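Below are the structure tokens for one structure; questions will follow.
Keep in mind that this is a model prediction, so the values were computed, not measured. Note that ligands are numbered from 1 as they come in the structure, with each ligand's atoms numbered from 1 the same way. Numbering starts at 1 and runs along the sequence shown.
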Amino acid sequence: MIRYRENISLLPFNTFGIDINAAHIFYLKAPEDLKDILEYPGFSDMSDNMTDLLVLGQGSNVLFTHDFRGVIIKNEIRGIRILEENDKFVLVEAGSGEKWQDLVDYAVSRDLAGIENLTLIPGTVGAAPIQNIGAYGVEAADVIESVHAYNLEKKEWITLANKECEFSYRDSIFKRRLKNQVVICSVVFRLSKTPELRLNYGGIKEELGKRNIADPTIQDISGIVAGIRRAKLPDPEILGNAGSFFKNPLLGEAQFQVLLRSFPMIKYFKEGDLYKISAGWLIEQAGWKGYRQGNASCYEKQALILVNYGNAKGEEILALSEKIQKSVFDKFGIALEREVNLIS
Ligand code: FAD
Ligand code: EPU
């Protein structure tokens, strides 16, 4: 039996803490229930086209600016199981509505390596491929074997192998050609029994030194990443937010050299042929860090994060973000691209 509700508040379902209503919400417990949802009496009147339909995981990467008039499919597909195993790798399949952190705990507690650096990223397993979640030198693309989804437009089940997902920094085919077209129902991960630890990024080595750990385990790495994140990032339970609001811009050699001449202190990381500029630094230099306008604010400890001090409307957060974009463009000539998905 499908669970369906009308006119429901989405306040508990978005980490920005925006209080808006959804006209229709279906709770998806199993992939096979999708058929019943799509055939639910009156469904086509609730959702005229794909833009009126939104799959929602934990709502930790969305910003709602209005009541949502269409259909929300709230993903609650659970289950984690081993599909295949040898002495080197394990293929683990997870239901898309599993909490990402529960999958990390599952892997770390079984000595399965690959996602320990992605500890404490909020959200669901099914959203991980959408923006190719990443942190501390690892991306979901490094471990995703395949993604299983239902294509709402073509009305068919599809399985995309890693390469077909067209992953890149905070991007994938699901944000482009397949945007709003698929419901991801499960993801298969290739986890390793012989870990290759990634220790170079963002304070991991320093912390290992402080703790006198010479030969770290994946449990050590997961614990260290959790500690760094707890110290740096606002807890959405206390201060509404959706993590980084913008992507870090990637510049080519010529544009980077021009920028470096004007701003020799600029913070960046070299990534292949490109330069990843720290958007947090750009925003801080433009004077926004800690700036508050009503209930919307640029977080005082990390300028790339916008926060809700309580009752901000989505439009207020959006307005602040647009002011920041304009001012960073005026100062540096760089157009910041939103990372958060705007639902307007
Ligand atoms: P939602 O916000 O519910 O959805 C995001 C998008 O994906 C929407 O467009 C939605 O329609 C679509 N979607 C979700 N599930 C499905 C599905 N099953 N099928 C089809 N479409 C779907 N991200 C990082 O990459 N790295 C970080 O370090 C990081 N840190 C964060 C820290 C904080 C404090 C917060 C609040 C967020 C952070 N994020 C980070 C962003 C967020 O955690 C990720 O983007 C996460 O993957 C979103 O998961 P979700 O289930 O909440 O997705
Ligand atoms: N910085 C500043 N001022 C600030 C913030 C940052 O100068 O207010 C500079 C500092 O030099 C700092 C550097 O920017 O060393 C990088 O900052 P940080 O390590 O906090 O990482 P980030 O680039 O701001 C990215 C991801 C995060 C991810 C962390 C750790 C993006 C858009 N964001 O943030 O992901 O957790 O690295 O890997 O790539 C998210 O996507 O929601 C998210 C939180």
Side-chain angles (χ1 to χ4, degrees), residues 10 13-17 28 31 53-64 72-77 95-101 117-140 147-150 152 169-170 172 174-175 178-187 201-204 225 228-250 265-269 276-285 288-290 298-305 307 336-343:
L10 289 184
F13 299 142
N14 73 99
T15 61
F16 247 127
L28 178 64
L53 196 147
L54 183 78
V55 186
L56 202 55
Q58 200 192 327
S60 65
N61 206 23
V62 289
L63 176 64
F64 289 99
I72 300 274
I73 295 183
K74 178 76 180 78
N75 182 11
E76 296 182 344
I77 302 172
S96 56
E98 282 288 344
K99 268 195 191 162
W100 175 259
Q101 183 57 28
N117 294 44
L118 303 179
T119 296
L120 283 196
I121 296 183
T124 53
V125 164
I130 306 274
Q131 73 158 6
N132 178 21
I133 57 168
Y136 298 91
V138 173
E139 290 183 333
V147 174
H148 188 55
Y150 186 75
L152 295 158
Y169 166 62
R170 293 296 191 275
S172 74
F174 308 107
K175 288 189 83 173
L178 294 182
K179 189 175 164 71
N180 295 337
Q181 272 185 43
V182 297
V183 182
I184 293 176
C185 288
S186 61
V187 183
Y201 190 95
I204 295 181
V225 168
I228 298 174
R229 293 183 67 102
R230 284 203 181 97
K232 250 193 196 179
L233 300 170
D235 177 353
E237 293 285 326
I238 298 165
L239 209 50
N241 76 91
S244 301
F245 198 88
F246 303 105
K247 294 182 190 178
N248 285 323
L250 290 164
M265 302 296 283
I266 196 159
K267 293 278 185 302
Y268 66 92
F269 300 87
K276 189 183 268 181
I277 312 296
S278 294
W281 186 87
L282 298 174
I283 296 169
E284 182 174 350
Q285 294 303 307
W288 292 98
K289 196 170 185 172
C298 177
Y299 188 47
E300 59 196 357
K301 293 195 214 160
Q302 223 294 4
L304 194 45
I305 299 177
V307 294
L336 290 179
E337 196 185 325
R338 251 193 320 268
E339 185 204 273
V340 167
N341 298 280
L342 183 66
I343 317 291

Has Q101 got a side-chain atom pairing as donor or acceptor with L120's backbone, closer than 3.5 angstrom?
yes

Within-shell test, F246 vs ligand 2, heavy atom, strictly < 4.0 Å:
yes

Would you find more than 12 non-hydrogen atoms of other residues, nucleotides or ligands less than 6.0 Å from K99 atom NZ?
no

Look only at the side chain of E300 and the backbone of G290, and say whether a donor-acceptor pair between them is shorter than 3.5 Å.
no

Geometry only, no angles: is N241 polar-contacting ligand 1 at N/O separations under 3.5 Å?
no

Would you say Q131 has any N or O atom under 3.5 Å from an N or O of ligand 1, going by distance alone?
yes

Would you kindly specify which portion of N341 sits under 4.0 Å from ligand 1, judged on non-hydrogen atoms: side chain, backbone, both or neither?
side chain

Need the ligand 2 atom indices (1-based, order shown) with element for anything under 4.0 Å from a heavy-atom of A135.
36 (O), 38 (O)

Flag I133 as yes when one of its N or O atoms lies below 3.5 Å from any N or O atom of ligand 1, and as no otherwise.
no

If you take all heavy atoms of S172 and I130, which pair is closest and at what distance?
OG-O, 2.6 Å

Is the shortest heavy-atom distance from the side chain of K232 to the side chain of K301 under 4.5 Å?
no

Relative to atom 31 (C) of ligand 2, which among W288, Y201, F269, Y169 owns the nearest non-hydrogen atom?
Y169

If we only count N/O pairs under 3.5 Å, is G243 in contact with ligand 2?
no

Test item, K175 contacting ligand 1 (heavy atom, 4.0 angstrom)
no

In terms of atom number and element, which parts of ligand 2 are under 4.0 angstrom from non-hydrogen atoms of K289?
3 (N), 4 (C), 8 (O)

Region of P234 that comes within reach of ligand 1 [heavy atoms, distance under 4.0 Å]
backbone

Proximal atoms of ligand 1 relative to V182 (non-hydrogen, under 4.0 Å):
19 (N), 20 (C)

Which residue holds the protein heavy atom closest to atom 41 (O) of ligand 2, what is that atom called, and what is the gap in Å?
E339 OE1, 2.6 Å

Which atoms of ligand 1 are found less than 4.0 Å from any heavy atom of N75?
18 (N)

For the pair Y299 (side chain) and N241 (backbone), establish whether a donor and an acceptor sit closer than 3.5 Å, ignoring hydrogens and angles.
no

Write down the atom of L152, the atom of L53, and the distance for their closest heavy-atom approach.
CD1-CD2, 3.9 Å

So the atoms of ligand 1 within less than 4.0 Å of a heavy atom of R229 turn out to be 27 (C), 28 (O), 29 (C), 30 (N), 31 (C), 32 (C)

Just to confirm my output: which protein heavy-atom neighbour is closest to atom 18 (P) of ligand 2, and how far is it?
K232 NZ, 3.6 Å

Students should be able to answer this: which protein heavy-atom is nearest to atom 8 (O) of ligand 2, and at what distance?
A303 N, 2.8 Å

Could an N or O of ligand 2 be found under 3.5 Å from any N or O of K247, whether backbone or side chain?
no

Please report which non-hydrogen protein atom sits nearest to atom 38 (O) of ligand 2, along with the residue it belongs to and the distance in Å to one decimal place.
Y136 N, 2.8 Å

Can you list the atoms of ligand 1 that are under 4.0 Å from a heavy atom of A135?
28 (O)

Using a plain distance cutoff, I'd like to know if N132 has any nitrogen or oxygen under 3.5 Å from a nitrogen or oxygen of ligand 1.
no

Establish, for the pair K276 and Y268, whether the NZ or CZ atom is under 6.0 angstrom from the six-membered ring centre and no further than 45 degrees off its axis.
no

For ligand 1, the portion of L118 having any non-hydrogen atom under 4.0 Å away:
neither

Heavy-atom nearest pair, V187 first then P129, reads CG2-CG, 4.0 Å

Apply side-chain hydrogen bond (donor to acceptor under 3.5 Å, both in side chains) to N75 and S96, showing your working.
CA-CA 7 Å; N75 182 11; S96 56; 2.9 Å; yes

Of all the non-hydrogen atoms in the protein, which one sits nearest to atom 3 (N) of ligand 2, and at what distance?
E284 OE1, 2.7 Å

Correct closest heavy-atom pair for G134 and R170 would be O-NH2, 3.1 Å

Can you list the atoms of ligand 2 that are under 4.0 Å from a heavy atom of R229?
36 (O)

Specify the closest pair of heavy atoms between L336 and K247, including all atoms of both residues, with the distance to one decimal.
CD2-O, 4.3 Å

Are N248 and I277 close enough that some pair of their side-chain heavy atoms sits under 4.5 Å apart?
no

Tell me whether N117 contacts the main-chain N or O of Y136 through its side chain, where contact means a donor paired with an acceptor under 3.5 Å.
yes

Under 4.0 Å from one or more heavy atoms of L56, ligand 1 contributes atoms 3 (O)

Close-contact set for ligand 2 against N248 heavy atoms, below 4.0 Å:
23 (O), 31 (C), 32 (C), 39 (O)

Considering only heavy atoms from C-beta outward, does the side chain of E139 approach that of I133 to under 4.5 Å?
no

If we only consider heavy atoms of K179, is any one of them less than 4.0 Å away from an atom in ligand 1?
no

Which of the atoms in ligand 2, numbered in the order shown and given with their element, are less than 4.0 Å from a heavy-atom of K267?
11 (O)

Polar contacts were defined as any N/O atom of the residue lying under 3.5 Å from an N/O atom of the ligand; does this apply to S60 and ligand 1?
yes

Minimal heavy-atom distance between A128 and A140, with the atoms involved, is O-CB, 4.0 Å

Check each of S186, A242, A127 against atom 14 (C) of ligand 1 and report the one with the nearest heavy atom.
A127

Contact check, Q285 vs ligand 2, heavy-atom distance below 4.0 Å:
no

Considering only heavy atoms, which of G243, G134, S244 lies nearest to atom 27 (C) of ligand 1?
G134

Just which atoms of ligand 1 are under 4.0 Å from any heavy atom in V183?
19 (N)

For atom 1 (N) of ligand 2, what is the closest protein heavy atom, and at what distance to 0.1 Å?
W281 N, 3.7 Å

Proximity to ligand 2 by part of Q302, non-hydrogen separation under 4.0 Å
both

Out of G290, A279, S244, who gets a non-hydrogen atom closest to atom 33 (N) of ligand 2?
S244

Nearest 0.5 angstrom please: N14 CG to L56 CG, how far?
8.0 Å

Backbone or side-chain N or O of S278 under 3.5 Å from ligand 2 N or O:
yes

So is there a nitrogen or oxygen of K301 less than 3.5 Å from a nitrogen or oxygen in ligand 2?
no

Check whether any N or O atom of Q131, backbone or side chain, sits under 3.5 Å from an N or O atom of ligand 2, and answer yes or no.
no

Scan the protein's non-hydrogen atoms and note whether one is under 4.0 Å from atom 11 (O) of ligand 2.
yes

Considering both backbone and side-chain atoms of L233, is one of its nitrogen or oxygen atoms within less than 3.5 Å of a nitrogen or oxygen in ligand 1?
no

Mind checking whether I130 contacts ligand 1 via backbone (N, CA, C, O), side chain (CB onward), both or neither, at a 4.0 Å heavy-atom cut-off?
side chain

Are V182 and Y150 packed together at the side-chain level, in the sense that at least one heavy-atom pair is separated by less than 4.5 angstrom?
no

Below 4.0 Å from ligand 2: does a non-hydrogen atom of R170 turn up there or not?
yes

Note: V55, heavy atoms under 4.0 Å from ligand 1, region reported as both

